[in-house]
Amino acid sequence: MKIDAVGVTTTNMTKTVEFYTQLGFDFTGLDLTEGHIEPATPDRSARLMIDSVEIIRDILGEEPRPANHSPFAIRYDSPEEVDAVASKVKDNGFVVVKEPWDAFWNQRYAVVEDPDGYRVDLYADLSR
């Protein structure tokens, strides 16, 4: 078994793509008018699925809603990269829920929030 994909929903595909681009996802060549898109991810990485609210509402029969915790985490190569990505997110008008800090479990960690309220953990090992 392996986790193959994680998903979020969006009320504004353009704004959501802008946010996830700050985190390093590649949307080159995707049609942002589609209700479901999957940006390019590194080999062996889980896919990110972004669906319109309308598609998920149709599937679930109710409004999708984010949790108050992160549905997934992105591992970066260095603590400095975590700091840079969190800074870029903030500088571009998105929410940094928890500024980067050195966690007791030996990782540089931050929590950011996409335009629809989905939280994403950003981390890197401190020992690198």
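Here the structure is a predicted model, which is why all the values come from computation and not from measurement.
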Peer 1: Side chain of Gln107, backbone of Ala103: donor and acceptor closer than 3.5 Å?
Peer 2: no
Peer 1: Between Glu63 and Arg57 (salt bridge meaning N to carboxylate O under 4.0 Å), is one present in this structure?
Peer 2: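 Looking at Glu63 and Arg57, the cut-off is met.
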Peer 1: For the residue pair Phe94 and Phe19, does the interplanar ring angle fall in the parallel (under 30°), tilted (30 to 60°) or perpendicular (over 60°) class?
Peer 2: perpendicular
Peer 1: Quickly, which of Thr9, Val8, Leu30 forms a side-chain contact (heavy atoms from CB on, under 4.5 Å) with Ile50? Name it, please.
Peer 2: Val8
Peer 1: Is there a side-chain contact between Arg108 and Asp83 (heavy atoms, below 4.5 Å)?
Peer 2: yes
Peer 1: State, yes or no, whether a side-chain contact exists between Val85 and Gln22 at a heavy-atom distance under 4.5 Å.
Peer 2: no
Peer 1: Within the side chain of Asp26, is there an N or O that forms a donor-acceptor pair under 3.5 Å with the backbone of Thr28?
Peer 2: yes
Peer 1: Any chance you could measure Leu32, atom CG, to Glu18, atom CD, to the nearest 0.5 Å?
Peer 2: 11.5 Å
Peer 1: Determine whether Tyr109 and Val82 satisfy the following criterion, side chain to side chain contact (heavy atoms under 4.5 Å, CB included), listing intermediate values before the conclusion.
Peer 2: CA-CA 7 Å; Tyr109 227 86; Val82 170; over 6 Å; no
Peer 1: For the side chain of Tyr76 and the backbone of Leu23, is there at least one donor-acceptor N/O pair under 3.5 Å apart?
Peer 2: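 Checked: pair present.
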Peer 1: Just by distance, do the side chain of Thr21 and the backbone of Val17 share a donor-acceptor pair under 3.5 Å?
Peer 2: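 The answer is yes, because a donor-acceptor pair under 3.5 Å joins these two groups.
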Peer 1: Might you point out which heavy atoms bring Pro66 and Gly117 nearest each other, and give the distance in Å?
Peer 2: CB-O, 3.5 Å
Peer 1: Are the charged groups of Glu99 and Lys90 less than 4.0 angstrom apart, N to O?
Peer 2: yes
Peer 1: Can you tell me if Arg119 uses its side chain to pair, donor with acceptor, with the backbone of Asn68 under 3.5 Å?
Peer 2: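 Side chain of Arg119 to backbone of Asn68: a pair is present.
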Peer 1: How about CG on Leu60, more than 12 heavy atoms from neighbouring residues, nucleotides or ligands closer than 6.0 Å, or not?
Peer 2: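 Yes.
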Peer 1: Once you measure the plane-to-plane angle for Tyr20 and Phe72, does it fall in the parallel (<30°), tilted (30-60°) or perpendicular (>60°) bin?
Peer 2: parallel
Peer 1: What's the separation between atom CG in Asp102 and atom CH2 in Trp105, rounded to the nearest 0.5 Å?
Peer 2: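 These two atoms lie 10.5 Å from each other.
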Peer 1: Find the distance between OG1 (Thr10) and CG (Asp116) and round it off to the nearest 0.5 Å.
Peer 2: 4.5 Å
Peer 1: Going from CD on Glu34 to CD1 on Ile55, what distance comes out if it is rounded to the nearest 0.5 angstrom?
Peer 2: 8.5 Å
Peer 1: With a 4.5 Å limit on heavy-atom distance, are the side chains of Phe27 and Ile37 in contact?
Peer 2: yes
Peer 1: Can you tell me if Ser70 uses its side chain to pair, donor with acceptor, with the backbone of Ala73 under 3.5 Å?
Peer 2: no
Peer 1: Has Asp114 got a side-chain atom pairing as donor or acceptor with Tyr118's backbone, closer than 3.5 angstrom?
Peer 2: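 Side chain of Asp114 to backbone of Tyr118, a donor-acceptor pair under 3.5 Å: yes, one is there.
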Peer 1: Do Val6 and Met49 have side-chain heavy atoms sitting under 4.5 Å apart?
Peer 2: no
Peer 1: Let me confirm one number: the NZ-CD distance from Lys88 to Glu81, rounded to the nearest 0.5 Å.
Peer 2: 8.5 Å
Peer 1: Does Tyr123 share a hydrophobic cluster with Trp101, counting links as ILVMFWY side-chain heavy atoms below 4.5 Å and allowing steps through other members?
Peer 2: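 Yes: a chain of side-chain contacts under 4.5 Å links Tyr123 to Trp101.
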Peer 1: Can a donor-acceptor pair be found, under 3.5 Å and without considering hydrogens, that links the side chain of Ser45 to the backbone of Thr41?
Peer 2: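 Pair absent, no side-chain N/O of Ser45 close to backbone of Thr41.
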Peer 1: Compare every heavy atom of Asp77 with every heavy atom of Ala124, then report the nearest pair and how far apart it is.
Peer 2: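 Looking at all heavy atoms of both residues, the shortest contact is CB-C, 4.4 Å.
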Peer 1: Are Leu126 and Phe104 in one and the same hydrophobic cluster, where Ile, Leu, Val, Met, Phe, Trp and Tyr link if side-chain heavy atoms are under 4.5 Å apart?
Peer 2: no
Peer 1: Let me confirm one number: the NE2-CG distance from His69 to Asp121, rounded to the nearest 0.5 Å.
Peer 2: 10.0 Å
Peer 1: Heavy atoms, side chains only, cut-off 4.5 Å: are Val120 and Ile74 in contact?
Peer 2: yes
Peer 1: Check the surroundings of atom CZ in Arg47: do more than 12 heavy atoms from other residues, nucleotides or ligands lie under 6.0 Å from it?
Peer 2: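 Atom CZ in Arg47 is packed in, count exceeds 12.
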Peer 1: Ignoring hydrogens and angles, state whether a donor on the side chain of Thr33 or Asp31 is under 3.5 Å from an acceptor on the partner side chain.
Peer 2: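 A pair is found: one side chain offers a donor N or O, the other an acceptor, under 3.5 Å apart.
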Peer 1: For the pair Asp58 (side chain) and Glu54 (backbone), establish whether a donor and an acceptor sit closer than 3.5 Å, ignoring hydrogens and angles.
Peer 2: no
